[in-house]
Amino acid sequence: MTSQRTRMRMVERLRNQGIADENVLSVMGSVPRHLFVEEALASRAYEDVALPINYGQTISSPWVVARMCELLRDGSSLENVLEVGTGCGYQTVVLAQLARQVCSIERIGPLLTRTRIRLHKLQIRNIYLKHADGLLGLPEAGPFDGIIMAAVTTFIPAALLEQLTVGGRIVFPKGTQKQNLCVIERNAQGYTETTLEEVNFVPIVPGVVKS
Ligand code: SAH
């Protein structure tokens, strides 16, 4: 139930659900998603659902991860990506195979500690994790050609907009009750925003949780 065949079935389902980026599909066919959830939930890891990862948070469903990565890439390779909301680290690892470097920020300390151990075991070297409030971004590691938010918000703070390269994009869920995926692109003139599919995310929360 956690085998390569199960992963391939997930990839086929994603394809049928409209995911067209072959690079994203190929990466999702290789990352062992069951290692990112509790053992008791491992057999459900490849279903198209969000699953609990403790501390009131959830691992995003495979379709959501695939769609956000596809929108972030927009067909080209990524250089320096910022992820806000590391959670269990699954999306972080997928992004790390689509970008040269991924910086990921998580506000809940104990959740990040567990993710650090998991990523250390997987020996992925191009991920930089930080325990901080992602709403402030990570100016010391920017600018970023891609920023992904894994929690819903009503607006993108100026600090994050400023850390985006010209030509870069932010992919995030926007809303309150009704939420949609949104893409903000930065061009020489300013920023444009596109609203896409309806989604369902946990909310972004300011500040950090230490223990
Ligand atoms: N991609 C993750 C999603 C986890 S849920 C996964 O699939 O596991 C969203 C995550 O965003 C939670 O872990 C939550 O703690 C985190 N989060 C919420 N607000 C945040 C903030 N201001 N800064 C950093 N992380 C935040």
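Please read all numbers here as calculations on a predicted model, not as lab measurements. Ligands are counted one by one from 1 in listed order, and the atoms in each one are counted from 1 as well.
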Suppose I only count heavy atoms of G87 and a 4.0 Å limit; which atoms of ligand 1 are within that range?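 Ligand 1 atoms under the 4.0 Å threshold to G87: 4 (C), 8 (O), 13 (O).
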Side chains of E79 and Q101: do they bring a donor and an acceptor to under 3.5 Å?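 No, no side-chain donor-acceptor pair sits under 3.5 Å.
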If we count only N and O atoms by modelled type, under 3.5 Å, do the side chains of R7 and Y46 hold a donor and an acceptor together?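 Checked: R7/Y46 side chains pair up, N/O donor to acceptor below 3.5 Å.
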Closer than 4.0 Å to some heavy atom of D133 - which atoms of ligand 1 meet that?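 The list of qualifying atoms is 21 (C), 22 (N), 23 (N).
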With no hydrogens and no angle check, is any side-chain donor or acceptor of N180 less than 3.5 Å from a backbone partner on K174?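 Not confirmed, N180 side chain does not pair with K174 backbone.
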Atom 7 (O) of ligand 1: nearest protein contact (heavy atom, Å):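 Here the closest protein heavy atom is S60 N, 3.0 Å.
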Specify the protein heavy atom at minimum distance from atom 8 (O) of ligand 1: its residue, its atom name, and the distance to 0.1 Å.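 The closest heavy atom on the protein side is C88 N, 3.0 Å.
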Tell me, which pairs form a ring pair (Phe, Tyr, Trp, His ring centres under 6.0 Å) where one or both residues lie in residues 79-107, sequence neighbours left out?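 Sorted result for residues 79-107: F36-Y90.
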Among E83, R107, Q57, closest by any non-hydrogen atom to atom 25 (N) of ligand 1: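 When every heavy atom of E83, R107, Q57 is considered, R107 comes closest to atom 25 (N) of ligand 1.
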So, does R107 use its side chain to make a donor-acceptor pair with the main chain of V205 at under 3.5 Å?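 Yes; judged by distance alone, with no hydrogens or angles, the pair exists.
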Consider only side-chain N and O atoms of D48 and Q17, and report whether a donor and an acceptor are under 3.5 Å apart.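 Yes, Q17 and D48 have a side-chain donor paired with an acceptor closer than 3.5 Å.
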Please state whether V208 comes within less than 4.0 angstrom of ligand 1, counting heavy atoms only.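 Under 4.0 Å: no for V208.
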Can you sort out which atoms of ligand 1 are near I105, meaning under 4.0 Å from one of its heavy atoms?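 Answer, ordered by atom number: 24 (C), 25 (N).
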With distance as the sole criterion, is a donor-acceptor pair present between the side chains of S104 and E83 under 3.5 Å?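 Note: S104 and E83 side chains meet the donor-acceptor criterion.
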Of the protein's non-hydrogen atoms, which lies at the shortest distance from atom 9 (C) of ligand 1, and what is that distance?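 Residue, atom and distance for the closest contact: A150 O, 3.3 Å.
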Considering the heavy atoms of I53, write down every atom of ligand 1 situated less than 4.0 Å from one of them.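 Numbered from 1, ligand 1 contributes 8 (O).
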Counting heavy atoms only, name the option from G134, G85, G89, A50 that's nearest to atom 1 (N) of ligand 1.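 Comparing heavy atoms across G134, G85, G89, A50, the nearest one to atom 1 (N) of ligand 1 lies in G85.
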Atoms of ligand 1 close to L111 [distance to a heavy atom under 4.0 angstrom, numbered from 1]: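 Checking each atom against L111, I get 13 (O).
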Looking only at protein heavy atoms, which one is nearest to atom 22 (N) of ligand 1, and what is the separation?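 It is V205 O, 2.7 Å.
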Heavy-atom nearest neighbour in the protein, as seen from atom 13 (O) of ligand 1, with distance rounded to 0.1 Å: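 Heavy-atom neighbour on the protein nearest atom 13 (O) of ligand 1: E106 OE1, 2.7 Å.
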Taking only heavy atoms of V202, which atoms of ligand 1 are found under 4.0 Å from at least one of them?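 Atoms satisfying the 4.0 Å criterion: 5 (S), 9 (C).
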For atom 5 (S) of ligand 1, closest protein heavy-atom neighbour: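 Checked against all protein heavy atoms, atom 5 (S) of ligand 1 sits closest to T58 O, 3.2 Å.
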Nearest heavy-atom neighbours spanning L161 and I170: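 That would be CD2-CD1, 3.9 Å.
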Is it true that the side chains of E38 and N54 contain a donor and an acceptor less than 3.5 Å apart?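 Per modelled atom types, E38 and N54 side chains form a pair under 3.5 Å.
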Show the numbers, then the answer: is there a salt bridge (Lys or Arg N to Asp or Glu O under 4.0 Å) between E22 and R15? CA-CA 9 Å; E22 287 300 328; R15 219 188 281 278; 2.5 Å; yes
At a 4.0 Å threshold, what atoms of ligand 1 neighbour a non-hydrogen atom of I108?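 Within the 4.0 Å cut-off of I108, ligand 1 contributes 15 (O).
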